[in-house]
Amino acid sequence: MTLRLHNSLTGRKEEFQPLEPGVVRMYTCGPTVWGPAHIGNMRSFLLYDLIRRQMRLSGCEVRHVMNLTDVDDRIIEQSDAAGMVISEFTPRWEESVLSDLKRLRAEPAEWYPRATQHVPEMIELISRLLELGHAYAMEGDVYFRIDSFPAYGALSKLDRRGKPVTTRVATDKYEKESASDFALWKAATERDRRVGAAWQTPFGLGRPGWHIECSAMASKYLGETLDLHAGGVDLLFPHHENEIAQSEAANRKPFSRYWLHGEHLTIATGDKMSKSSGNFLTLSDLLAAGHDPVAIRFQLLAGAHYRQRTHLSDEAIRAAAEQVRRLRELELRLSLLVPRPGVDDAAIYETALDGQAAYREAIDDDLNLAQGVGQVFEVVRQANSALDAGRVGTAGREAVLQLLAAADAHLDVLRGDEESLDEDVERLIEEREEARRRRDFATSDRIRDELRGRGLVLEDSREGVRWRRVPASG
RNA sequence: GGCGACGUAGCCAAGUGGUAAGGCAGAGGUCUGCAAAACCUCCAUCACCAGUUCGAUUCUGGUCGUCGCCUCCA
């Protein structure tokens, strides 16, 4: 069974094969760095993480570009308001996004190119479009001529003939040939110059339009045809549609063979999270509320299929944390197990193998991690049951551990952050063990309650006492 | 107005033409000095209506509801 992905271009699930066997070229739309990324952005970025992990697991070398848009209207506004040039303003937010990604254990992309560092590539691309008649200059702006590209609309399936042409015209300064022509290059304003967002080019002093950076940087790092391009659904139109138009008009080659679009994370009411409207949560907000980043990762990745709209609630994140705990708990039990020689563990062995197959199938079916995780937990329950009954041997243990590892290759939640206990806490735990040996349960219970108040739960097991952190309380 | 998606138990959620995975929460048990953990049991007829079908949650049509895109946005 091979990976099948839902391709937005065709609206169907298709088998994924990279153009060059063994190498996957993927471009994913990153953030505009004018403020903190919100947790909905993170959902998309974790989708990219899931894709690249699966590609690597299937034996491919991954070449992954995620752009950082570091020049746009809001960046210019904010920089100007802060009395800065944009190159002083954006680094802080770049760092903020990259740090969030790290906390959520996203594998780093191979490249994080910045728009402002690729102006020459954009100039070249725009020049080619001008030469080929796909673009025209007008009073310092350069527009893409949509009528010159008949395939326009193939991705978004928008029928542009019937489209109302009102709003767009009103917001643009100059007359365009057609209302839906979009800007490749924008003449610099006074403010653009003031904040360092203006470049000297053959078409005049100006700055890039929104879409051109992706076309220019994608081909620079990955070539003219990508295997896969991903982004949030809100980018499908016009951003991705325009990328296709620019790239294919210039290169006369397909721009990307597969398009993946991740659904939105909504706010609790079901409405879209949006930076500009202010109704959004950041990773920092959730961490401040006491949530574990690993639980957030689990929920964003496996809480729902990526093409399903969903929202994060405290309850959902707590449920995810509990699932993570159960996975870790099982792994620990298995690792501590000393199998009895000759034990018959055929049942759990078979169950684990079936689970592995089911898990793999779920992932192959358009990265259905939510379903895959369901399969894993079916095995988790049975493995715990078999452990209770003493019916796990070496083969069974290995098979279950393999399943956990297979899932964790996507989830990446088993490994905990290294944590140690304060000395006085260690001493208290030791004292309690002493008391228990004396069967002085009053003392031992008092110590346990004391530690519970400090956010530590103790578990007595055959292998000794274990501890774990929980929200501190009484 | 145009295009589109979704509506499954308290919550998160998978899925299929033949009477609905998994997780969290909850209830009752087993185990335990007591707990915790683990396990066992219980907990939905899939928004509504009509149609197709031997049979629909899954297909078709309609109704209601929620949301998205069409304009900067993962």
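Note that this is a predicted model, so its numbers are computed, not measured.
- Pairs passing the ring-ring contact (aromatic ring centres under 6.0 Å, His included) check and including a residue from residues 294-313 of chain A, sequence neighbours excluded, do not occur.
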In B/S/- notation (B base, S sugar-phosphate only, - none; protein heavy atoms under 4.0 Å), nucleotides 27-33 of chain B written 5' to 3' is ------B
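- Base-pair partner of B:A25: not found among the strands shown (Watson-Crick or G-U wobble, both distances under 3.5 Å).
- Between B:A38, B:G68, B:A74, one nucleotide has an atom nearer to the side chain of A:Arg309 than all others, and that is B:G68.
- Among pairs with a residue in residues 266-287 of chain A, those fulfilling ring-ring contact (aromatic ring centres under 6.0 Å, His included) read A:His38-A:Phe280, at least two apart in sequence or across chains.
- One finds a side-chain N or O of A:Lys272 lying less than 4.0 angstrom from the OP1 or OP2 phosphate oxygen of B:C69.
- Shown here, B:A9 forms no base pair; nothing in the strands shown gives a Watson-Crick or G-U wobble contact with both key distances under 3.5 Å.
- Within the structure, ring-ring contact (aromatic ring centres under 6.0 Å, His included) contacts touching residues 350-386 of chain A (residues at least two apart or in different chains) are A:Tyr359-A:His410.
- On the P atoms, B:C12 is 15 Å away from B:A47, given to the nearest whole Å.
- Among the nucleotides B:A37, B:C12, B:A14, the one closest to any side-chain atom of A:Glu459 is B:A37.
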Given protein heavy atoms under 4.0 Å, the one-letter contact record of nucleotides 18-25 of chain B, with B base, S sugar-phosphate only and - none, is simply ---BSSS-
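- Against RNA chain B, the stretch residues 396-405 of chain A makes no heavy-atom approach under 4.0 Å.
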